[in-house]
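The model shown is predicted, which means the values in this text are computed figures rather than measured ones. One is the number of the first residue; the rest follow in order along the sequence. We use all heavy atoms of the structure for the numbers below, so side chains are in, but hydrogens, waters and symmetry mates are not. Ligands are counted one by one from 1 in listed order, and the atoms in each one are counted from 1 as well.
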Amino acid sequence: MGGGITGAAVARDAAGRGLSAALVEREDWGSGTSWRSSKLIHGGLRYLQTGDVGLVFESLSERGRLMRLAPHLVWPAEFLFAAYRGRGFPRWILELGLTAYEALALGRLRNFRRRLSREEVVALEPPLASADLLGGSAYGDGRTDDARLTLENVLDAAALGAVALSRVEVLGMLRGGSGRLCGAQVRDRETGRELEIRARVVVNAAGPWVDEVRRRDDAGAGAWLRLAKGVHLSFPAARLPLSRTVAFPSTDGRMLFAIPDGPATLFGTTDTDYAGSLDDVAAEAQDVDYLLDQAARTFPGAGLARSDVLATFAGLRPLLREPGKRVEDTSRREAIRVSASGLVTVTGGKLTTHRRMAARTMDRAAALLASHGVTVPPSPTKERPFPGAPDVPMEEFIRVLGARAVSLCPGLDERTVGHLAWRYGTSATDVLELAAEGPGLGRPLCPGLPDIEAEIVFAARREDARSLCDALIRRTHLFWQGPRQGEVCLERASRLLAGELAWDEKRRREDIADYEKELARSRRFTTPQTPSR
Ligand code: FAD
């Protein structure tokens, strides 16, 4: 249970091994932590600092694999690490760290390494100009679309035979005579119907909610998790124009990123203990002011202010408690534990290591299944491409798609074709065919952006989008990329969804109100009197 990256990958792994698998998610795929990450597929340079070389090595190996198996969703990019007088490591340590980082990747990524003088850094990224900038280093790392990586895990699990149901919540566990779990009691949140799912093994991949689910197995279960909140801001790209991801030390010794993301630049993240409601995590005024302060020191010429913030989003890292450690030093490794009644709980980890984490979880499940006389084959995901992966290099794929677009929708420009290729991989052809069906489905959703109306229809028909939040936050990303967070296309997108999902006017209005609630959460920092960070 749990349709974040972890649960989705576990279902994909299980179905790939030929097992009957059911995946339930109480909201939308990726709606918990998984869409709120920094969208990096990386070894985590900073884990070298905490001495977790094994995690860095494993992550870099997964980075290489994902770039091969999901080239439309995980791509290599040049990053720039900026070095400062009086903050972060001395330069020689930075250089040593980057050399170790690239060496641990075993040559699986093109070498981007270059030591840069202060002038070279400013020439590459003018907003970095500041008095205490010393210079920098270019290096290579990976970027992704976290929500769609999660979705493609779900789609592949379903293609392999898993039953995948969103808006279905686990209410409790089913127990056999011996007290061992034999399934879960679930409720369809759309119809209110309750039903039982029988299973020999139940996997709890509920992210920040794993402790809550564990208590449905054992009411006295203590807390395993330490929840660390991470906030991102998004600025219009014009307010912080960057051509590559910039990594830099914060003034309090952490590592921050400014990440160009189409029409926006993402900026984050914070890393603070969190004890509030799991269902109402937001960037509070203090989080935003902290990040703006860091932005002002690193990009002083940009003059970024609260009024420049296009959107915010906040997520919870489900980390395993390690008493005595600072939150930012708590390990990002995964933990897999089996309760006395057989509940397999998997938590921690990273987006980057999701595939390996899922394979390990299913190895543990396989050991439980062995006691039922079931022999489980090894994980097949090491070499299995993701559903949208083209079998030619991306550049060639985009060329072929461009030719198809000319015949199907002659009005579409090159930028839109490239956008569709990177977002959908091979399914971009299906989106093009929809756009050709019309009427007007090839039109942009928001002026000046490459997202088109056909994407909303496709999201509802083929990608299980069931609300504006699903369509505008996780299938497209207008929530943090679009002008006024997609408000300009709300009415049109809502009408397209209503047509697909057979909503009446009341249902449509309720859905718009739900999206507006998300907007309000994203802008909560602008209201006075917010709780403390
Ligand atoms: P979630 O995505 O939270 O999924 C759990 C799901 O379980 C939720 O969707 C929830 O609705 C569902 N659920 C809960 N209870 C129930 C129930 N009773 N019934 C059914 N479903 C239920 N990692 C990287 O590799 N790279 C990064 O750049 C990166 N950046 C990050 C930045 C931030 C700010 C944060 C917070 C994390 C970042 N991470 C990153 C880590 C990564 O995002 C997480 O490790 C990962 O997304 C966790 O996924 P998950 O599936 O375990 O949890």
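- For atom 26 (N) of ligand 1, the nearest non-hydrogen atom from the set Asp28, Leu351, Asp141, Leu40 comes from Leu40.
- Ser166 and Asp28 are not linked by any side-chain donor-acceptor pair at a separation below 3.5 angstrom, with hydrogens and angles left out of the test.
- Every atom of ligand 1 is numbered from 1 in the order shown, and the set under 4.0 Å from a heavy atom of Trp209 is 3 (O), 8 (C), 10 (C), 14 (C), 15 (N).
- The heavy atom nearest to atom 19 (N) of ligand 1, considering only Val170, Ile259, Thr269, is found in Val170.
- The nearest pair of heavy atoms linking Trp75 to Leu73 is CZ3-O, 3.4 Å.
- For the residue pair Thr150 / Asn153, no side-chain donor-acceptor distance below 3.5 Å is found, with atom types taken as modelled.
- The heavy atom nearest to atom 5 (C) of ligand 1, considering only Ser38, Ala206, Gly32, is found in Ala206.
- By the 4.0 Å heavy-atom criterion, Lys229 is excluded from the residues contacting ligand 1.
- For atom 49 (O) of ligand 1, the candidate residues are Ser34, Ala147, Gly230; the nearest heavy-atom contact is made by Ser34.
- Ring orientation note: the planes of Phe248 and Phe267 are tilted relative to one another, at an angle of 30° to 60°.
- When the options Gly44, Ser166, Ser37, Gly43 are ranked by their closest heavy atom to atom 31 (C) of ligand 1, first place goes to Ser37.
- Applying the 4.0 Å criterion to heavy atoms of Gly315 picks out, from ligand 1, the atoms 36 (C).
- His477 meets the side chain to side chain contact (heavy atoms under 4.5 Å, CB included) test with Asp145, Ala147, Arg148, Arg423, Trp480, Gln481; sequence neighbours excluded.
- The option with the heavy atom closest to atom 11 (O) of ligand 1, from among Glu25, Glu169, Arg216, Glu27, is Glu25.
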